[in-house]
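The figures that follow rest on heavy atoms only: side chains count, while hydrogens, waters and symmetry mates do not.
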Amino acid sequence: MFFSITDLAIAGPTSEVSGSLQFKDLHQDTKIEFSLLCSSLNLDQLISEEARGPLDAFEWLTLSPLIATGLSARGVLQIGAFQSGGVLFRNLNIPVNSGGGVVVASPMTADLYEGAMRIDTVAQVVGQELDFMTRQAFSEVAAGKIINDLGLTDILRGKVDLNAIVAFSGSEYVERVRSARGIVTLEAKAGQIRGLDIVSLLDRLAQSDFSRGGDWLGENSHTTLENVTATLRLENAQLVNDNLAFRAGGFEVVGQGSLNLETELADYRLSLELDRPEIVNLLPPPFNSVGVVLPMRVAGRWDNPGIMIDMPALIQMQFQRAMGIENHLTPPSVDTQAKVLG
């Protein structure tokens, strides 16, 4: 038996869906074919700000094809503009092919902040058990604009390439989150921190010249970021990084830390090392012979962390350097101080 709906149009309070649906072999092994178009879908109009998380948009895109679990379906959903968690995707294309407990969504594509996104997902359901794997690639994406739309900060500029492979399994949500394993790599050749020109500030310090005022600070100033690289591991419901590295003005920056996906608490340590001898020479002994290392700590909720100088680490690192001992950042953990800041 065959049943077809063409020129389908469904209007809701915030969006409209149009397209076609076909049903074959009704009352037996029903097969569904579809081609649907939605001009816009804004989940932020349906979900309160308090209930949003840092990865809502990507979780929705990754997991939404699972609604075809248990169906024999094939088709595509196109969304002109999709928004979730403040992040906006354009020309979103979601192909779905499912049958026999297996769901494949590949390739899911979209235009994302001057760049491109591709997600390939496969899942298998046996009873209540779900086995899931996704591969995701984001190229030349304007990361600063995403961070701004997430409501975090508007001072960053730059395009990044990001690749991720994630897998999880289990019958319950908590089990699936805790079983998740994956690798995320990030790379950016160049970027900017707006509002602060570290190079100009260091030049003023070196020359002891502040007669021209504070042109190193303001909306027309910026610090260049170079060769940003990082690898993140997803394990035990945490995103963990131990190899962030980049150059900012006259500083070499390295970092490591974690974000707990269950508590949404972050704990991250940065080490900024100055390689400008003319600045170092202005310091009192013994630090003028070993350079400047400034350890920073970012801790608290992911969307409103506290930023501070890590004073215990600063004292320890400076004396170690004065004695010729190489410094290493201590692996951070979400501790009492991070929870207080949260």
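Listed by chain and number, the residues in a ring-ring contact (aromatic ring centres under 6.0 Å, His included) with Phe89 are Phe58, Phe82 (sequence neighbours excluded). Here Phe132 pairs with Phe168 under the ring-ring contact (aromatic ring centres under 6.0 Å, His included) rule; sequence neighbours left out.
Counting only N and O atoms by type, the side chains of Gln83 and Asp44 include a donor and acceptor under 3.5 Å apart. No side-chain N or O of Ser179 forms a donor-acceptor pair with one of Glu175 less than 3.5 Å apart. Side-chain contact of Thr62 with Gln136: a donor-acceptor pair under 3.5 Å is present, judged by distance alone. There is no side-chain donor-acceptor pair under 3.5 Å between Asn93 and Asn91. Residues Asp120 and Ser106 have side chains that bring a donor and an acceptor to within less than 3.5 angstrom of each other.
Put simply, the side chain of Ser98 gets close to the backbone of Ala73: a donor and an acceptor are under 3.5 Å apart. Using a distance-only test at 3.5 Å, with no hydrogens or angles considered, no donor-acceptor pair links the side chain of Tyr113 to the main chain of Glu140.
Leu130 approaches Ala123 most closely through the heavy-atom pair CD1-CB, 4.0 Å. For the residue pair Ser15 and Cys38, the shortest heavy atom distance occurs at CB-SG, 4.0 Å.
Residues Leu186 and Asp161 form no side-chain contact, since every pair of their non-hydrogen atoms from C-beta on lies 4.5 Å or further apart. The shortest distance between side-chain heavy atoms of Leu61 and Leu92 falls below 4.5 Å. Residues Arg74 and Val96 form no side-chain contact, since every pair of their non-hydrogen atoms from C-beta on lies 4.5 Å or further apart.
Sparse packing is recorded around CZ of Arg135, with 12 or fewer heavy atoms of other residues, nucleotides or ligands lying under 6.0 Å away. When the shell of 6.0 Å around CZ of Arg176 is examined, it contains more than 12 heavy atoms from other residues, nucleotides or ligands.
Two different hydrophobic clusters hold Met133 and Phe138 under the rule that ILVMFWY side chains link at heavy-atom gaps under 4.5 Å. Val104 and Met117 fall into different hydrophobic clusters, where Ile, Leu, Val, Met, Phe, Trp and Tyr side chains are chained together by heavy-atom contacts under 4.5 Å. Put simply, Val166 and Val102 are part of two different groups of oily side chains (I, L, V, M, F, W, Y) that touch within less than 4.5 Å, one to the next. Each of Leu66 and Ile94 belongs to its own hydrophobic cluster when Ile, Leu, Val, Met, Phe, Trp and Tyr are linked at side-chain heavy-atom distances under 4.5 angstrom. The hydrophobic cluster containing Ile67 does not contain Val125, counting ILVMFWY residues as joined when their side-chain heavy atoms lie under 4.5 angstrom apart, directly or transitively.
For the side chain to side chain contact (heavy atoms under 4.5 Å, CB included) criterion with Leu150, the lone passing option out of Leu152, Asn148, Thr153 is Leu152.
Classification of Asp154 and Lys145 as a salt-bridged pair fails, no side-chain N sitting under 4.0 Å from a carboxylate O. Using a 4.0 Å cut-off between charged nitrogen and carboxylate oxygen, Lys189 and Glu226 do not count as a salt-bridge pair. Here Arg181 does not pair with Glu235 in a salt bridge; the nearest charged N to carboxylate O distance is not below 4.0 Å.
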